[in-house]
Amino acid sequence: MANEKTIDPAVAEMLEIAEAEGISTAFSRAAKMKPCPIGHKGACCKNCSMGPCRLTKEGQRGICGATIETVAARNLIRMIAGGASAHSDHGRDMALTLLAAAEGEAPDYQIRDVQKLLEVAQLLGVKTESRETMEIAKEVAEAALGEFGRQQGEILYLRRAPNKRQEIWRKAGIIPRGIDREVVDVMHRTHVGNDQWYDSLLMAGLRTALADGWGGSMLSTDITDILFGSPVPLTANVNMGMLSEDEVNIVIHGHEPVLSEMILVAVNDPEMIEYAKSKGAKGIRLTGICCTANETLMRQGVPTIGNFLSQELAIVTGAIELMVVDIQCIMQALAPLCDQFHTILVTTSPKAHIEGATHVEFDEHRALEIAKKIVKMGIDNFPNRKETHIPKEINHLVAGFSHEYINYALGGFYRGSFRPLNDAVIQGRLRGVAGVVGCNNARTRHDYSHEYITRELIKNDVLVVMTGCGAIACAKCGLLSPQAALEYAGPGLREICETTGIPPVLHMGSCVDNSRILTVLSQMATEGGLGEDIADIPGVGFAPEWMSEKAISIGCYFVGSGVYTIFCSESPVANSPIVNRFISEEWEDRIGGKLEFIPDLKEAVQKALEHIDKKRAALGLVEYDPGRYGQSGDSLLLKLLEEQGEEAFNVYSAKIVGSAKS
Ligand code: BF8
């Protein structure tokens with residue numbers, strides 16, 4: 001039964017225990033509560049108290065006269081505004097931390113990537129010559145904060161996009177002004193009695209999504225790199241087997257590394273470790289869940305024990321002394337669940353209180369002091385641990401692919417550029433590129449769609465980049481290890497992985513780090529050989545198991561940037577065929593990207609590959625042919641091993657080693 005709900009053996013194991021003991025989880029609640037069929041299709045309008053109006057029949061109107069199209073479009077763009085707010089407010093907090101650090105008021109934070117600071121300074125028009133690092137950092141933080149409240153003009157980071165893309169935005173009237181302004185614009189225009197044409201509503205939604213992707217999220221990623229270092233590849237471990245039987249288990253969950261990085265410093269403090277030993281533990285084990293886990297995994301190799309749908313089941317192990325959370329994707333169900341175990345749930349953000357949790361407000365001005373206080377609470381709770389059940393499951397991965405590193409990995413120090421990647425696409429060694437991102441959703445089999453879509457894409461020589469819970473899902477399936485190339489990748493992609501040592505699926509970070517994918521696409525478009533715009537690149541975007549408003553905002557900023565983006569679910573605007581057509585065909589006509597909801601995974605992959613091939617043909621590239629490559633590298637030895645057995649393989653290997661020596 002549990003295996004029908006998840007493909008993760010650790011989650012299945014814990015789910016069986018939860019079910020046997022009558023413990024409520026998102027899985028059991030989803031089975032009991034069917035989604036509202038009216039809201040599900042975007043047919044419910046509750047923007048005023050004359051309703052809620054349920055527009056289920058063609059031609060029906062709400063009490064104010066709103067049409068089905070208006071209601072569906074308003075609902076969709078309010079989701080964009082919600083998602084953009086979440087990402088961008090996170091970005092604002094990162095800028096405020098940078099400002100506090102630069103002013104000497106947050107002494108526990110430093111500038112770890114000065115090079116990145118200088119690059120960002122240039123983009124934001126901050127002078128760098130003959131200036132102290134902290135002086136530059138202060139002005140960068142102030143300029144970044146200014147981008148949120150910019151009333152007129154254009155967000156400065158849009159300059160990172162190819163010129164042609166910027167022109168498309170200007171022509172379509174969707175170039176974002178300040179980030180806050182665009183979110184307020186959507187909330188205003190969707191108020192009763194305001195914008196009532198689906199066309200202008202949906203275009204305004206795109207503008208807000210672009211403010212998220214090229215504004216709030218991109219600033220967040222860059223400032224996080226400045227403060228904590230830009231990621232470079234590292235090996236790490238994933239899944240619940242990383243919880244410790246004999247150490248104090250502290251789990252970080254949420255999104256902002258400002259907290260989790262400090263908890264990491266605190267758990268490594270020798271005094272804290274000694275204190276843990278005084279309580280009978282062998283030490284302290286820090287692990288993570290969701291995107292704050294992705295952040296610390298990418299930079300420090302902190303193990304990730306699961307994604308969104310694992311959060312409750314991790315508690316059911318009985319092995320977690322303390323789970324500390326900040327913002328976003330934290331289930332309210334954690335508080336009553338922790339009451340059934342010895343786990344302490346600590347909330348830290350003034351924006352995310354949970355009734356029943358212990359609130360220890362985080363303040364970056366006293367970051368390490370507060371982090372130590374929280375860690376000590378966990379240590380003090382160790383003697384209360386009772387029976388535990390920790391699944392054995394552990395997988396290995398390589399994480400830490402920033403766009404800077406991809407640049408270097410493919411081109412080396414002396415010719416670091418996206419040229420080799422573009423050449424691989426041009427020659428057909430790679431059919432194309434794809435971003436597979438987003439959440440888990442209790443309405444679909446946990447992790448299954450991520451694994452299916454990603455495996456099919458790499459089998460077809462599509463290089464995949466991932467973020468968020470999708471990246472964790474595929475890491476748990478072993479797809480983020482270099483060995484996955486041998487097992488699952490198509491012949492051309494496998495050759496590239498063998499040559500460069502990268503896995504066929506690259507972990508690019510948390511959900512705000514989807515902005516890194518925008519930067520990769522921009523650099524590919526400007527490198528030459530693949531057109532002049534992101535929309536020219538043979539590439540696609542996927543959100544196989546999305547559930548959050550943030551995912552809708554991400555999907556829409558990819559579409560706004562020219563990418564064909566597929567969500568593998570029923571459409572949240574299914575009630576309006578006009579709106580569904582608009583976000584697909586009309587958006588493609590106007591801005592080159594389109595948004596489609598395709599629940600059938602096979603069909604979704606097929607459409608993606610057709611799109612990639614169409615883009616290849618439009619660029620005049622050779623037709624993709626998997627038979628052309630794959631005759632080099634390890635594949636010959638492996639073929640020999642398979643066909644002639646180990647003896648022949650050993651004789652041949654010895655010959656190669658011998659000739660290399662002589
Ligand atoms: O920001 S992928 S479930 S954890 S929303 Fe949430 Fe979705 Fe996970 Fe990260 Ni993103």
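All figures in this text were calculated on a predicted structure; none of them were measured in a lab. Counting starts at 1 for both ligands and their atoms, following the listed order.
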Task: Close aromatic pair by centroid cut-off 6.0 Å: Phe401 and His507 - done: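 When the ring centroids of Phe401 and His507 are compared, they turn out to be at least 6.0 Å apart.
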
Open item on the list: Could you check whether Phe567 and Trp546 have their ring centres less than 6.0 Å apart?
Closed with: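 Yes, they do, as the ring centres are separated by less than 6.0 Å.
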
Task: Row check, Phe27 ring normal vs Lys5 NZ/CZ: under 6.0 Å, within 45° - done: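 Not satisfied by the 6.0 Å and 45° rule.
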
TODO: Assess Arg92 against Phe148: is NZ or CZ under 6.0 Å from the centre of the six-membered ring, and within 45 degrees of the ring's axis?
DONE: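 Geometry flag: set, cation within 6.0 Å and 45°.
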
Task: Option among Asn307, Thr304, Asn395 that satisfies the side-chain hydrogen bond (donor to acceptor under 3.5 Å, both in side chains) test with Lys476 - done: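 Running side-chain hydrogen bond (donor to acceptor under 3.5 Å, both in side chains) over Asn307, Thr304, Asn395 with Lys476 returns exactly one hit, Asn307.
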
Task: Residues lining ligand 1 [heavy-atom distance under 4.0 Å, listed by chain and residue number] - done: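 Within 4.0 Å of ligand 1, the protein residues are His255, Cys290, Cys291, Phe308, Cys329, Gly438, Cys439, Cys469, Cys511, Met547, Ser548, Lys550.
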
Task: Sequence neighbours excluded, every pair satisfying salt bridge (Lys or Arg N to Asp or Glu O under 4.0 Å) that has a member inside residues 302-312 - done: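 Listed once each, the pairs are Arg29-Glu312.
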
